[in-house]
Asker: 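Attaching a single structure in structure tokens format; questions to follow.
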Amino acid sequence: QVQLVESGGGLVQAGGSLRLSCAASGRTFSTYNMGWFRQAPGKEREFVAATNWNGAYAYYADSVKGRFTISRDNAKNTVYLQMNNLKPEDTAVYYCAAGGSQWLSTVVVTTSTYHTWGQGTQVTVSS
């Protein structure tokens, strides 16, 4: 079983950048797809990005495409989310998640695909 801990959140001005990290414990990290989701106050948790087990594939929500990049380093058991050109609407708690190995866009965007979640890290973008 894998455990996940996010870090790297904070307060940034619009147009700025942040890099989130998600450190995983457990030997099975490299076998899972990894995803990033976010949840703003009063809203449902939404998909942001996902990558397959070896980082060869990535999939993004339309709202972050071209601004965010997901990557992973299996040697370090870590997945990253580089966020550039941040906007106030990106403000949310960001969660990383692990689960599954099937690589289909309809699968990786769904929260129920993932069996393990981190505690979340707050990202606040000021205008």
Side-chain angles (χ1 to χ4, degrees):
Q1 186 73 359
V2 65
Q3 293 182 322
L4 305 174
V5 178
E6 301 98 333
S7 62
L11 173 64
V12 64
Q13 289 188 333
S17 298
L18 283 173
R19 189 176 82 155
L20 305 183
S21 298
C22 174
S25 62
R27 298 181 178 180
T28 56
F29 170 79
S30 62
T31 66
Y32 295 132
N33 294 332
M34 295 295 296
W36 285 97
F37 289 74
R38 66 188 182 187
Q39 188 166 18
K43 295 188 177 181
E44 293 187 355
R45 193 168 297 190
E46 65 173 2
F47 170 77
V48 175
T51 186
N52 75 317
W53 69 273
N54 66 355
Y57 301 109
Y59 188 72
Y60 299 93
D62 288 343
S63 59
V64 307
K65 202 172 294 182
R67 299 188 298 123
F68 291 11
T69 303
I70 188 172
S71 61
R72 68 190 296 166
D73 185 339
N74 285 346
K76 296 182 178 180
N77 274 15
T78 302
V79 63
Y80 305 96
L81 185 68
Q82 178 67 43
M83 306 185 295
N84 298 329
N85 190 22
L86 283 160
K87 304 176 181 181
E89 52 263 43
D90 295 318
T91 295
V93 177
Y94 282 71
Y95 300 89
C96 68
S101 58
Q102 185 182 20
W103 186 253
L104 286 174
S105 60
T106 53
V107 171
V108 299
V109 301
T110 305
T111 56
S112 59
T113 294
Y114 301 88
H115 53 66
T116 302
W117 294 79
Q119 83 290 349
T121 185
Q122 176 70 47
V123 171
T124 303
V125 184
S126 63
S127 57

Asker: Do Y32 and T116 have side-chain heavy atoms sitting under 4.5 Å apart?
Answerer: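 A side-chain contact under 4.5 Å is absent here.
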
Asker: Once salt bridge (charged side-chain N to carboxylate O under 4.0 Å, His left out) is applied, do any residues pair with R67, and if so which ones, sequence neighbours excluded?
Answerer: D90

Asker: Please name all residues satisfying salt bridge (charged side-chain N to carboxylate O under 4.0 Å, His left out) with E46, sequence neighbours left out, ordered by chain then number.
Answerer: R38

Asker: Using the test salt bridge (charged side-chain N to carboxylate O under 4.0 Å, His left out), find all partners of K43 that sit at least two apart in sequence or belong to another chain.
Answerer: none

Asker: Are side-chain heavy atoms of L86 and L18 found at a separation under 4.5 Å?
Answerer: yes

Asker: Surrounding CD of Q122 (heavy atoms of other residues, nucleotides or ligands, distance under 6.0 Å), is the total greater than 12?
Answerer: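 It does: Q122 CD has more than 12 such atoms within range.
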
Asker: Determine whether a donor-acceptor pair (N or O, by modelled atom type, separation under 3.5 Å) exists between the side chain of N52 and the backbone of G55.
Answerer: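 It does hold such a pair.
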
Asker: Using side-chain heavy atoms (C-beta onward) and a distance below 4.5 Å, is Q82 in contact with S17?
Answerer: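 With C-beta onward as the side chain, the pair touches.
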
Asker: Give a yes or no on whether the backbone of G26 and the side-chain of N77 come within a donor-acceptor separation of less than 3.5 Å.
Answerer: yes

Asker: Can you tell which of T91, L81, L20 makes a side chain to side chain contact (heavy atoms under 4.5 Å, CB included) with V123?
Answerer: L20

Asker: Taking the hydrophobic residues Ile, Leu, Val, Met, Phe, Trp and Tyr, and joining any pair whose side-chain heavy atoms are under 4.5 Å apart, which ones share a cluster with W117?
Answerer: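 In the cluster with W117 are F37, F47, Y57, Y59, V93, Y95, W103, V108, V109, Y114.
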
Asker: With distance as the sole test, does T121 use its side chain to make a donor-acceptor pair with the main-chain N or O of G9 at under 3.5 Å?
Answerer: yes

Asker: Quick one: does any side-chain atom of N74 pair with a main-chain N or O of W53 as donor and acceptor, under 3.5 Å?
Answerer: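 Flag set: sc N74 to bb W53 pair under 3.5 Å.
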
Asker: With a 3.5 Å distance limit and no angle check, can you tell me whether Y94 reaches the backbone of E6 through a side-chain donor-acceptor pair?
Answerer: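 Not a single qualifying donor-acceptor pair exists.
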
Asker: What do the steps show when you test D73 against T78 for side-chain hydrogen bond (donor to acceptor under 3.5 Å, both in side chains), and what is the final call?
Answerer: CA-CA 5 Å; D73 185 339; T78 302; over 6 Å; no

Asker: For T111, enumerate each residue passing the side-chain hydrogen bond (donor to acceptor under 3.5 Å, both in side chains) test, keeping only those at least two apart in sequence or located in another chain.
Answerer: none

Asker: When you measure from the side chain of T113 to the backbone of V107, do you find a donor-acceptor pair of N or O atoms at a distance under 3.5 Å?
Answerer: yes

Asker: Please, which pairs that meet disulfide (SG to SG under 2.5 Å) have at least one residue in residues 7-111, sequence neighbours excluded?
Answerer: C22-C96

